[in-house]
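Please read these numbers as outputs of a predicted model, since none were measured by experiment.
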Amino acid sequence: MKALRRIPKHASLWFYVLAVACIIVQLLAVEYHFNKIANVHWLSRLDVTTVSQLALNAIADAVLLMSVYLLLPPKRRKWCWIVLWLVMVWCLAQLLYMPTYRDLMPFSSFLLVGNVGDTLAKSIMGSLRVSNLEVVLPPVVLYIIYRVWLKRGIDNARCTAWQRVGLFLLSLVVFAGIRLGVTAWHYSDDDDTHSLAEQFTNDYGVMWTSQGDYVNINGAVPYAMYCAYTSIFNKTTLTPEQKNEVTQFLNDQPQVDEEYATARGKNVIVLVVESLNSWVIDLRLNGREVTPTLNALCRDTVNNLVSTRMKSQVKNGRSSDGIFMYNTGLLPLVTQVVVNTYGDVPYPSLPKILGDYDSFYACCDEPNLWNVEKMASNYGYSNFYGKSEIRDAVNSNGYLLDKALLEEVVQLIPERMQPFLALVATAGMHHPYGTPMEPETWVQQTGLYTREVRCYLECANAFDTALSQFIESLKSQGKLDNTMLVIVSDHNEMVDDAPGGRPSIDREGDNCVFLAINSGQNGRIAGPFGQIDVFPTLLELLGATTSKWNGLGYSVLSNDVHSVATSPTSTTGGGTLLKRQQQAWTISDMIITSRWFDKDDK
C-alpha cells in the first residue's frame, strides 16, 4: 500500500509524457479506421514514409494540445483534463460517424444540437463497436494513474512562471517544426507546387480533399483551425476574376428545352427515399420480390423515365445534401454542411421557380433536425409538416414510419390547390439496420445474407408496400393521372459490404434510383449521371422555360449525359461534359460561400 501511495519523482513530466502518448494513440486509431473504411489506397501503400508522416502529425498535434498543461500553474493543471476528454469525445464521434459517412465528421456538424434526439441515439447505438474502446480506454487508464499516483506530485511541483512560458513556447516551436517538416516532406515530389509556402497556403485555404484526407496530410489540429476559421468567417469575398468565372460558367449552361415540357401543368410529388439502393430493384429472396411495386415501375417505361444508375453526390450533410441538390440545382459543400453553415442564404429553388404551384414539404423529422423546417421555408415551400404533425400516425404504425408519412400526405393532398408541388422525405430506411421488425417478417425468415442486410431489406419491403398503397390512394382521389410522381434516392447505403454480406446485383454498390412516373417521356436513362442533374431535368419536364436559373447540372433529356463528378476529384463515365462537371464543384462552392444570390450584396 505504501508503494502505491509513494509519489513518483518528476510526476509532472510523467503525466505530460503519458498524456501526449494517450492523444497520439487516439489520433492514430482514428486515422487507421478512416483509411480502412474510406481510403483504402492509403493502406495499400502503407510504407515507412506514410506511417512516419501519420505518426509525426499525431505527435505534433498531441504536443500542441498538451501545451496548455505546460502553461498552467501546477495546482491548475487539472484543467488540462478538459482537453483530454474533448479529444476523447471527438475521436469517439469520428469512429461512430465513419462507418455511415465514410469520412470524418466536420466540426460544423457538432454545432447541430437540434440533431440530438431519437434518430441520433438509434444511429449511435447501431454504430457502437468494440474497437471504439481504442479511444476510450487510454484516457480512462490515464485518469486512474493520475488519481492514484501522480496528482499529488503534480499539485506540489515547483515551476516558475518563466519556466512555464518557456516550455509552452518550446511546444509551439516543436509543433511548427514538425508541421513544416512533414509538409515539405509530403510535397517534395509535387511538380505542380512552385514553392513550399504556396502549397502550404493552398492546403489550408482550399480543402478539396475529404475531411479524412486533409487530416492524413496535415493533422487534426490544423484541420480544427481551418474548420474554426471557415465557421466564423463563413462569407467569401470573390475576386473580380472569380466573379467572372462564375458568371461565364452560368452563361454557358444550357437553357431549358421546350420540346421536353410534357409534364407542364401537372401536379408534382418528389418522393425522396431514404437510403434507396439500386441493388434492391428486382432482388428476389427465395423467388419472392423484395420491392414488387418499385420493380413494376422500373419495368414500365411508357410515360415513365427510369434509371438505376444515378450516382450519389452527397457529402457530410447526407440526406440534407440530397434534398438541397434536388431543390436548388447546386452541389453540396465538401468541407461543411450547407444547411447548418449556410442555411440562411437565399437560393433559387424548385418552389420559387414554379411560383404558381401550391407547395408543401412533409417528412418524419423534428423541425430542428438538420434545420429541416428552416430550409423548407428557405426553399420556398408554403407549408411544412414534420414529426409533430404526423406524430399520431407514426405512433400507430410503430416501425412503419414511411406508411405513416405517406398516409398523412394522402390526407393533405385534397386540401391543396392545383397544380401543387409536394416534397416528401421518408425515413423508414434510415441507418442503423440492427433491429428486426416485429412481428418477424418473411424477409427475416429467409435467413439469407447478414442480419444487417435482412433488416435493411425489411425496411425496403415496408417502404415498397407503403408506396403501393400511396399510389392506389392517389388513383382513388383521381389525382394520379394528372400528377408526375418523382422517386429519387437521397443517397446510397451499405456500399462497402462484401458480396457475401449483401446481394451483388449492383457490384459497384453506389447506384441510386431516379423515376419520373407520368412524366410524358418514355425510356430508360442509361447514365451514369448525378443527383445534380435531376433539378434541370425536372425544370425541362415542367416547362420552366422562363427561369434564369437552371442549376449546375444537365438535363438528361436534352443533353448527352454519360458522366458524373461525384466529388471535385472523383469521376465516373466519360464524355465532353466531364471537365465542366468537375468545375461545377468549384463554381457551386463560390456561389454558396459568397452568398451569390443575396440581393443585398448585388
Side-chain angles (χ1 to χ4, degrees), residues 263 265-276 291-298 300 303-304 319 323 326-327 350-351 354 356-367 372-373 376 379 381-430 437 458-490 513-519 538 542:
K266 285 187 175 182
N267 304 313
V268 185
I269 300 175
V270 180
L271 188 54
V272 184
V273 186
E274 174 69 40
S275 304
L276 176 57
T291 55
T293 304
L294 282 170
N295 297 347
L297 293 174
C298 287
D300 184 4
N303 202 29
N304 302 332
S319 299
I323 291 171
Y326 296 142
N327 276 283
L350 201 58
L354 303 176
D356 294 335
Y357 279 58
D358 186 8
S359 61
F360 69 94
Y361 186 137
C363 65
C364 298
D365 298 325
E366 296 288 356
V372 62
E373 185 175 26
Y379 294 143
Y381 288 96
S382 303
N383 300 103
F384 171 80
Y385 304 95
K387 191 170 184 177
S388 59
E389 285 80 11
I390 66 167
R391 189 179 304 277
D392 292 340
V394 169
N395 291 339
S396 66
N397 280 281
Y399 286 94
L400 305 179
L401 288 175
D402 298 342
K403 181 176 185 290
L405 175 64
L406 294 180
E407 285 180 351
E408 187 66 23
V409 171
V410 167
Q411 299 302 314
L412 293 171
I413 285 176
E415 304 172 7
R416 317 312 301 191
M417 299 288 292
Q418 296 195 61
F420 64 80
L421 165 66
L423 178 71
V424 183
T426 73
M429 293 164 65
H430 196 284
M437 290 185 175
E458 279 187 316
C459 296
N461 179 251
F463 164 74
D464 191 80
T465 301
L467 176 64
S468 175
Q469 295 167 350
F470 180 66
I471 292 173
E472 288 301 316
S473 296
L474 291 178
K475 284 182 181 178
S476 65
Q477 290 182 356
K479 295 288 196 304
L480 184 62
D481 291 341
N482 194 38
T483 298
M484 179 170 68
L485 176 59
V486 180
I487 301 173
V488 285
S489 310
D490 61 347
V513 173
F514 168 76
L515 300 173
I517 310 303
N518 288 342
S519 63
L538 295 183
L542 296 169

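Interatomic distance, F360 CZ to R416 CZ, rounded to the nearest 0.5 Å: 5.5 Å. One finds the CZ atom of F463 at 6.5 Å from the CG atom of L406 (value rounded to the nearest 0.5 Å). To the nearest 0.5 Å, atoms CG (L405) and CG (D365) are separated by 9.5 Å. Here the CG-CZ distance, from L423 to F384, works out to 10.0 Å after rounding to the nearest 0.5 Å. The distance from atom CE of M417 to atom OH of Y357, rounded to the nearest 0.5 Å, is 13.5 Å. In this structure, CG on D402 lies 12.0 Å from NE2 on H430, to the nearest 0.5 angstrom.
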Candidate pair N383 and L412, rule side chain to side chain contact (heavy atoms under 4.5 Å, CB included), full reasoning | CA-CA 11 Å; N383 300 103; L412 293 171; over 6 Å; no
Start with the C-alpha gap between Y326 and L538, add the side-chain angles, then the distance that decides, and say whether side chain to side chain contact (heavy atoms under 4.5 Å, CB included) holds.
-> CA-CA 9 Å; Y326 296 142; L538 295 183; 6.0 Å; no
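No side-chain heavy atom of V409 sits under 4.5 Å from any side-chain heavy atom of Y385. Using a 4.5 Å heavy-atom threshold, the side chains of L515 and C298 count as touching. At a threshold of 4.5 Å between non-hydrogen side-chain atoms, the residues I487 and L297 count as touching.
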Sequence neighbours left out, cut at 3.5 Å: what donor-acceptor pairs do the side chains of residues 464-474 make with other protein atoms?
| residue | atom | partner | partner atom | Å |
| --- | --- | --- | --- | --- |
| D464 | OD1 | T293 | N | 3.3 |
| D464 | OD1 | L294 | N | 2.8 |
| D464 | OD2 | T293 | N | 2.8 |
| D464 | OD2 | T293 | OG1 | 3.1 |
| T465 | OG1 | N461 | O | 3.1 |
| S473 | OG | Q469 | O | 3.0 |

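Closest approach of M429 to L276, counting heavy atoms only: CE-CA, 3.9 Å. Across all non-hydrogen atoms, the minimal contact from Y381 to S359 is CA-OG, 3.4 Å. Scanning both residues, C364 and A427, for their nearest heavy atoms gives CB-CB, 3.9 Å.
Applying the side chain to side chain donor-acceptor pair (under 3.5 Å) test to every pair with at least one member in residues 479-490, sequence neighbours left out, gives these pairs: N267-T483, S319-D490.
With sequence neighbours excluded, the residues forming a side chain to side chain contact (heavy atoms under 4.5 Å, CB included) with A263 are K266, M484, L541, L542, listed by chain and number.
Put simply, the side chain of N327 gets close to the backbone of I323: a donor and an acceptor are under 3.5 Å apart. Using a distance-only test at 3.5 Å, with no hydrogens or angles considered, no donor-acceptor pair links the side chain of N304 to the main chain of S519.
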